[in-house]
Amino acid sequence: MGWTRCILHIDLDAFYASVEEVVNPALAGQPIIVVMGEANTQRGAVATASYAARQFGVHSAMPVGQARKLCPQAVYLPVRHKLYEEFSSRVMQLLRQQTPNIEQVSIDEAYADITALQEEAEGPEIAARWQELVKIQTGLSASVGVASNKIVAKMASGHRKPAGLTVVEPGFEASFLEAMPTGQLHGVGPKGAARLRDLGINTIGELAGADLDLLRETFGPHLGRELQDRARGRDNSGVVTFRETKSLSAERTFFEDTYDRAKLWREIQQMSMELADRLNKQELLARTIAIKLRFNNWRTITRAVTLASPTATASEISTAAGALMRMAWKRGTPLRLLGVRVSNFSETSAPRQLLFPYKLG
Ligand SMILES: [Mg+2]
């Protein structure tokens with residue numbers, strides 16, 4: 001007999017940088033920094049740093065100028081989304097061949113409910129086998145957490161990286177989390193941690209033992225309870241095997257701030273084509289079209305319009321985006337970033353699958 005529930009959280013290590021290493025083995029072991037925006041300027045931000053680069057203190061979201069100071073010898077590469085999507089879907093496919101109970105949560109992360117597979121092998125053994133499978137089939141390393149629920153499995157996969165395998169036995173959920181700072185608890189983040197600190201709560205263990213009324217007063221009745229449950233390592237949320245795509249977007253960060261109208265309109269058309277392509281692939285129609293503008297003083301605005309009937313056509317998306325642009329952008333104003341987003345989806349064919357409500361976590 002295995003655990004009552006056995007959940008894996010599989011997280012690919014330094015994903016973008018690892019993919020670059022796999023497709024170009026000459027880079028193996030070198031510090032690699034994949035940059036969002038412009039790799040050759042000071043403007044971009046670090047999307048992913050390889051573990052060799054992290055040793056120099058480089059981490060994701062860091063401005064690329066700062067990364068260059070810390071690690072000038074690194075190989076700097078621009079983000080290649082298509083390539084990473086390809087690797088991601090290979091990994092997800094591989095996991096889905098093992099069980100249909102896979103919930104992909106981001107390009108490089110998934111949960112698996114392997115409760116039923118425990119008849120064949122124990123959870124940790126299955127986790128190790130999958131790790132090896134992913135490595136052999138795709139060249140990528142993954143860290144895996146094994147636990148009785150999603151929250152704890154997620155925390156476990158981040159516990160030891162890269163290529164870590166962390167098992168939290170049933171009954172040890174709370175003690176596994178106890179000493180960690182609250183900011184590490186999935187869903188808390190820096191803001192939540194700061195508010196907890198104001199209450200004198202610094203560790204997850206302290207949060208687990210805190211006065212529930214105080215938490216409810218501070219965070220509201222629902223979230224207060226939820227936070228404490230999480231801190232105690234309790235979570236009943238299920239692995240959701242089908243999740244709705246909520247929005248799709250494309251963005252351009254400019255090498256130099258631009259007010260070139262023709263260029264901006266070309267970019268809108270190009271991005272609209274990309275989005276139409278992705279909508280068609282996913283058999284979706286979008287009803288809401290939005291644009292995002294970032295000015296050279298970093299002020300960012302978005303404007304959206306909802307169409308009378310949904311679309312997956314590039315020209316309709318770009319017409320709507322262009323109209324928004326005419327309202328929101330004054331000619332001659334330099335832009336740093338321009339983006340187009342589509343949302344409010346309906347499916348092109350009849351719904352094929354039930355949607356399950358998705359709970360935080
Ligand atoms: Mg990852």
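Each ligand, and each atom within it, is numbered from 1 in the order the structure gives. What you see below is based on every heavy atom in this structure, not just the backbone, and it leaves out hydrogens, waters and symmetry mates.
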If you measure only the distance, is there a donor-acceptor pair under 3.5 Å linking the side chains of Asp260 and Thr258? no

Report for the Mg ion (ligand 1), protein N, O or S closer than 2.8 Å, by chain and number, lists Asp11 OD1, Leu12 O, Asp108 OD2

Going by the rule ring-ring contact (aromatic ring centres under 6.0 Å, His included), which residues pair with Phe87 if we only count those two or more places apart in sequence or in a different chain? none

ring-ring contact (aromatic ring centres under 6.0 Å, His included) filter on His59, not counting sequence neighbours, yields none

With sequence neighbours left out, which residue pairs that include part of residues 260-294 fulfil the ring pair (Phe, Tyr, Trp, His ring centres under 6.0 Å) condition? none

Pair Thr288, Thr306: side-chain N/O donor-acceptor within cut-off below 3.5 Å: yes

Just by distance, no angles: are the side chains of Asp13 and Ser143 close enough, under 3.5 Å, to form a donor-acceptor pair? yes

